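For clarity, every value in this text was computed on a predicted model and none was experimentally measured. Below, read A as the first sequence line, B as the second, and so on, with proteins coming before strands; counting in each chain starts at 1. Computed from heavy atoms alone, side chains included, the values below leave out hydrogens, waters and symmetry copies.
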Protein chains: 2
Amino acid sequence: MYISARADYALRAMLAVADAAGTPGDAVTGGGELVKAASLAESQDIPLSFLQGILLDLRRAGLLHSHRGTEGGYALTRPPDEISVGDVLRAVGGAITSVRGIPADRAGYHGVATGLRDVWLAVDGAIALVVDRTTLADLLSDRATAP
Amino acid sequence: MYISARADYALRAMLAVADAAGTPGDAVTGGGELVKAASLAESQDIPLSFLQGILLDLRRAGLLHSHRGTEGGYALTRPPDEISVGDVLRAVGGAITSVRGIPADRAGYHGVATGLRDVWLAVDGAIALVVDRTTLADLLSDRATAP
DNA sequence: AGTATTCCTATTTAGTTGGTAGGAAGGGTG
DNA sequence: CACCCTTCCTACCAACTAAATAGGAATACT
């Protein structure tokens, strides 16, 4: 499995939003629930303008709610324990398993290679099992218990 | 998981070698156990010169045995039921799960994103479970039972 | 009105991937 | 030995994708 910079950044940004929103008294956010893109970029070392494109994807996928203006920023649309890693990956990356760029379930094999398609589908299922059962809340609590 | 053309071709070639070697009376191979690169390329629609580089990788990984000359060709070094899909993938691709090009187990996360590393390791383990328990023999017999 | 901020598009840059070409080295055959 | 055949190896090219940048709209608060 290849995790692109885009996917990696998206997850880190979502975690940072979840974390900031969960601590209302935080100094960086000024006590509000909305987190600015600039503060996300700084806390996780992500190029700001690149991050903005990613945040746009996440908003279009319905994972983030945004607000413009002076006191603008981003917030989760659902609680962290209802957003899985898989949700975020699919929002920025499309299909999780692909063969030469095309989705695994429509790979055209013939002759002796016919069985390969089933292998890729099994891999896809195994990955989905992991990323779909792990939520943002899980990742945040892991950090709390093992710093 | 992204399966590159290189990995895809490698698996198809290995299956074709296994299949040809398992049927000694085959017209294409002429009755010998060695299969020529040209015949592999044709049977699975793989560009010949590209395939040669892949076969070289497979040989260097110890999965294929080669012989030059007029009656040259390639053969498996082990029976098909002792070669897994994972063996072939690792021979041509390096690490199975990577974050931005670097192996998952040495991804440097900090702050709120610390837990991500464990997710990638879990994904890597889940993929390994699938590709390491599936052998070339499994794939060939699948084809025989469901043509 | 003015300012801060999100939003969106276009462009540049670097790296990887897929594929090709041409020969050198080794093996069989007359 | 001379000659074909096949694997081996290196260098190279073209296309594509990812990553990052820049600059300008649109929107909301003061």
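- Residue contacts for A/Ala37: at a heavy-atom cut-off of 4.0 Å it reaches the sugar-phosphate backbone alone, with no base atom in range.
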> What one-letter contact string describes nucleotides 24-30 of chain C from 5' to 3', where B marks a base within less than 4.0 Å of any protein heavy atom, S marks contact via sugar-phosphate atoms alone, and - marks no contact?
Replying inline: -BBBS--
> Tell me, for nucleotides 11-16 of chain C in 5' to 3' order, what letter each nucleotide earns: B for a base near a protein heavy atom under 4.0 Å, S for only sugar-phosphate near one, - for neither?
Replying inline: ------
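- Rounded to an integer number of Å, the gap from A/Ile102 CD1 to C/dG18 P is 12 Å.
- By the side chain to side chain contact (heavy atoms under 4.5 Å, CB included) test, A/Ile102 pairs with no residue at all, sequence neighbours left out.
- Of the possible donor and acceptor atoms, none in the side chain of A/Thr134 sits under 3.5 Å from a partner among the backbone N and O of A/Val131.
- Legend: ring pair (Phe, Tyr, Trp, His ring centres under 6.0 Å) pairs involving residues 59-107 of chain B, not counting sequence neighbours: none detected.
- Between B/Tyr9 and C/dG19 there is a side-chain N or O to OP1 or OP2 distance below 4.0 Å.
- If you take CZ of B/Arg12 and C1' of C/dG18, they are 13 Å apart, rounded to a whole angstrom.
- Here the side chain of A/Gln44 pairs a donor or acceptor atom with the backbone of B/His110 at under 3.5 angstrom.
- Along DNA chain D, the stretch of nucleotides lying under 4.0 Å from any heavy atom of chain B spans, 5' to 3', D/dC5 to D/dA20.
- DNA chain D is contacted by B/Gln52, B/Leu56, B/Arg59, B/Arg60 of residues 50-63 of chain B, taking any non-hydrogen atom closer than 4.0 Å.
- Pairs engaging residues 86-96 of chain A under the side chain to side chain donor-acceptor pair (under 3.5 Å) rule: A/Ser84-A/Asp87, A/Arg90-A/Asp132 [sequence neighbours left out].
- Within the 4.0 angstrom heavy-atom criterion, base atoms lie near A/Ser49.
- Between the side chain of A/Arg78 and the backbone N or O of A/Glu82, at least one donor-acceptor pair lies under 3.5 Å.
- There is no side-chain donor-acceptor pair under 3.5 Å between A/Tyr109 and A/Asp118.
- Applying the ring pair (Phe, Tyr, Trp, His ring centres under 6.0 Å) test to A/Tyr9 and every residue at least two apart in sequence or in another chain returns A/Phe50.
- Distance check: A/Ile54 CD1 to A/Asp8 CG gives 9.0 Å after rounding to the nearest 0.5 Å.
- Applying the salt bridge (Lys or Arg N to Asp or Glu O under 4.0 Å) criterion to B/Arg117, with sequence neighbours excluded, gives no partner residue.
- Note: CD1 (B/Ile3) to P (C/dG18) measures 12 Å, nearest angstrom.
- Considering only residues two or more places apart in sequence or on other chains, B/Ala7 meets the side chain to side chain contact (heavy atoms under 4.5 Å, CB included) condition with B/Ile3, B/Ser4, B/Leu89, B/Val92.
- Residues passing the side chain to side chain contact (heavy atoms under 4.5 Å, CB included) test with B/Arg60 are B/Leu56, B/Asp57, sequence neighbours excluded.
- Partners of A/Asp124 according to the salt bridge (Lys or Arg N to Asp or Glu O under 4.0 Å) rule, which considers only residues two or more places apart in sequence or in another chain, do not exist here.
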